[in-house]
Amino acid sequence: MITIVGAGPAGSYLAYLLAKKGEDVTIVEEHESIGSPIQCTGIVTGSIEKFVKLPNNVIANRCSKVIVVSKNNRIVANTDEIVMWRNKFDEFMANKATDVGVKILTNHQFINFNNKNSIRIKNNNNNHIKNIESEIIVGADGPSSAVAKSAGLKTNTKFYVGMQAKVKLKMDFDAFETHFGGNFPNFFGWFVPESEDTVRLGLGAFKNAKDYFYKFLEERTGKKEVLCWESGIYPIYNPKQIIQKENIYLIGDAATQVKATTGGGIIPSLKAAQTLCDCIINKKNYNKELKKHSGRELLLHLKIRNILNKFSDKDYDYLLKLMSQEKVKKILKKYDRDTPIPLVLNLLLKEPRFLLFSRFVI
Ligand SMILES: Cc1cc2nc3c(=O)[nH]c(=O)nc-3n(C[C@H](O)[C@H](O)[C@H](O)COP(=O)(O)OP(=O)(O)OC[C@H]3O[C@@H](n4cnc5c(N)ncnc54)[C@H](O)[C@@H]3O)c2cc1C
C-alpha cells in the first residue's frame, strides 16, 4: 500500500497516476473539504492541458493578454493563461483519483512517523489517533510539510509571503497585470481578473508583505477594503532539498518544487508527480530522476530569480523595452514559462542584449 499525505494537486495527481498503474493508494487529508481554504491565485499557462483536460466549471476566466508594468514602462503581450477556481480544481483532481480507486481520508491529519513504514494520524472529528502501515509514504502536504519535518528531511529553505485578496475592481477581463520594481522588492505584484468586477490582487515579499500589499491596493482602488484573504507562503526551489529517503518521498511545495520566478507550483507539481510515479513503479532514484527532468527547469527559474532580485527600477524599465519588440513578443507567445529552457534560448537568440543582464550573475 502507498499512503500520500495531502490532497492538493501534487498528492491527488500522483495518487491518480499510481492507481492507474494498479497500486493500492490512500490519501490522508487534514481538511474536511478538499481545496479549502484557498491560498492561491490559480493562474496557470495553457501547458496544464498537457496533463489534464480542465472541465468548464474549474475555469473562471481565460486571459489572452498580459500587461507588464515597471516604474516608467508598460507593455502588452499576447499570452494564453487560464484562471482557475482553485478549490474546484483541487476537487476535480481528487475526484479523478477516487474514480480510479484511490481512497481519501478527509479530516485526518498526519502527526508523525512511528517508523519508516508506520505513521500516526489523527481523526479531526473525534481526536482519535490511529496508525497506518504502508510500504511507501509520500509527503504532498504543502510548504510547511509535517512529513518532511518528521522524516528529518527539512532543510533551511527560504519562503516568500504571498499576500493575496479578492477585491472589487473593474478591469479588462481579458488581461492580467504584473508589476515590477521598488514597490515589489524581490518579487512582483499582480491583478488577475476572476470575473467582470472582481480581481485577485496580490504580491510576494520576504518581509513587510502586508505594508506593500496595502500600498498597492490603495494606489489602485483608493481604499483598503478587501472581500476575502487568500494568502499563504511559497518555498523557493532548493536544489539541495532531499526528496527521497528510502521509502519516504516528498513532492510539490513539500519538496520546494516551485518556479522561483513566479511562485507557481501547480504545473511543476504535476510534472514531478509523473517523475515520482515512474520512480516508484520502476524503482528508480527520485532524487536523481527529478534533477534530470523538471529539476533543470526549476534551477533555471531559480537562476533567473537571483538575477531579477538584483534589478533596479531602471533595469526593469530596460527589460520591458527589450520585451516590447514584436520579435520578442512572438517568442513569449510561443514558449511559456513552463517550458523555460527553449524560452530562454530563443529569447537570447532573437535578442542578444538580454545577455547584458548576465552581469548580475557575478
Ligand atoms: C498567494 C499564493 C498564490 C499562488 N498562486 C499560484 C498560481 O497562480 N499558480 C500556481 O501554479 N501556483 C500558485 N501558488 C503556489 C501553489 O498554490 C502551490 O505551489 C500548490 O498548491 C502546491 O501544491 P501541493 O499539492 O504541493 O500543496 P498544497 O496545495 O498546499 O496541498 C497540500 C495539502 O496537504 C494538506 N495537509 C497539510 N498538512 C497536512 C497534514 N499534516 N496532514 C494531512 N494533510 C495535510 C493540506 O490541507 C493540503 O490540502 C500560489 C501560492 C500562494 C501562497
Side-chain angles (χ1 to χ4, degrees), residues 40-48 63 66-70 75 77 79-82 143 157-164 176-192 200 202-206 209 212 232-239 241 252-253 255-272 293-313 315-316 318-320 322-323 328-329 331-348 351 354-358 360-361:
C40 183
T41 321
I43 189 162
V44 285
T45 64
S47 282
I48 193 149
C63 291
V66 54
I67 301 168
V68 189
V69 184
S70 64
I75 64 159
T79 184
D80 168 29
E81 306 271 341
I82 300 171
T157 294
K158 276 179 96 177
F159 293 88
Y160 281 109
V161 176
M163 288 292 295
Q164 179 180 283
F176 72 100
E177 291 180 23
T178 52
H179 292 246
F180 297 85
N183 288 339
F184 310 92
N186 302 314
F187 211 62
F188 66 99
W190 59 87
F191 288 93
V192 174
R200 300 170 190 170
L203 53 76
F206 285 131
Y212 289 117
I233 55 169
Y234 26 79
I236 299 185
Y237 174 60
N238 181 352
Q241 173 70 51
D253 276 17
T256 79
Q257 289 156 348
V258 173
K259 288 170 279 187
T261 48
T262 64
I266 295 173
I267 291 181
S269 76
L270 305 184
K271 287 183 183 174
H293 295 101
S294 46
R296 278 199 258 169
E297 298 176 349
L298 292 169
L299 198 58
L300 178 58
H301 280 285
L302 180 64
K303 289 191 174 187
I304 297 172
R305 167 52 53 211
N306 289 340
I307 290 176
L308 291 175
N309 284 358
K310 293 179 186 155
F311 269 31
S312 64
D313 284 343
D315 295 314
Y316 274 117
Y318 185 61
L319 177 68
L320 262 62
L322 296 183
M323 284 168 63
V328 173
K329 284 186 181 174
I331 303 285
L332 293 171
K333 170 87 175 103
K334 185 165 176 195
Y335 303 98
D336 65 35
R337 58 187 177 276
D338 289 300
T339 50
I341 295 171
L343 172 67
V344 168
L345 287 176
N346 279 283
L347 284 175
L348 292 175
E351 179 44 277
F354 280 120
L355 273 174
L356 289 172
F357 296 119
S358 62
F360 291 116
V361 175

For side chain to side chain contact (heavy atoms under 4.5 Å, CB included), just list the numbers for Val328 and Phe354, CA-CA rounded to whole Å, side-chain angles, deciding distance to a tenth of an Å, and then say yes or no. CA-CA 11 Å; Val328 173; Phe354 280 120; 4.0 Å; yes
Under the criterion side chain to side chain contact (heavy atoms under 4.5 Å, CB included), I'd like the reasoning laid out for Thr261 against Arg337: C-alpha separation, chi angles, the key distance, then a yes or no. CA-CA 9 Å; Thr261 48; Arg337 58 187 177 276; 5.6 Å; no
Can you list the steps and then say if Leu332 with Leu347 is a side chain to side chain contact (heavy atoms under 4.5 Å, CB included)? CA-CA 8 Å; Leu332 293 171; Leu347 284 175; 4.3 Å; yes
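Pairing each heavy atom of Gly182 with each of Asp313, the nearest pair is N-OD1, 2.7 Å. Contact between Glu297 and Pro340 at its shortest, heavy atoms only, is CB-CG, 3.6 Å. Leu203 and Ala209 make their closest contact through CD1-O, 3.8 Å (heavy atoms, listed as atom of the first residue, atom of the second, distance).
The closest side-chain heavy-atom distance from Leu348 to Leu355 is below 4.5 Å. A heavy-atom distance below 4.5 Å is found between the side chains of Leu270 and Ile48. Residues Tyr160 and Asn186 meet the side-chain proximity criterion, which asks for heavy atoms closer than 4.5 Å. Side-chain contact between Ser70 and Leu319 is absent, with no heavy-atom pair separated by less than 4.5 Å. Contact annotation: the side chain of Thr45 approaches that of Glu81 to within less than 4.5 Å [non-hydrogen atoms, C-beta and beyond]. In this structure the side chain of His179 reaches within 4.5 angstrom of the side chain of Phe191, judged on heavy atoms. Residues Val258 and Tyr237 fail the side-chain proximity criterion, which asks for heavy atoms closer than 4.5 Å.
Among Tyr234, Phe206, Phe311, the one residue that satisfies the ring pair (Phe, Tyr, Trp, His ring centres under 6.0 Å) test with Phe187 is Tyr234.
Put simply, the side chain of Lys271 gets close to the backbone of Asp338: a donor and an acceptor are under 3.5 Å apart.
Contacts of Thr178 classified as side chain to side chain contact (heavy atoms under 4.5 Å, CB included), with partners at least two apart in sequence or in another chain: Val66, Val68, Phe176, Phe180, Phe188.
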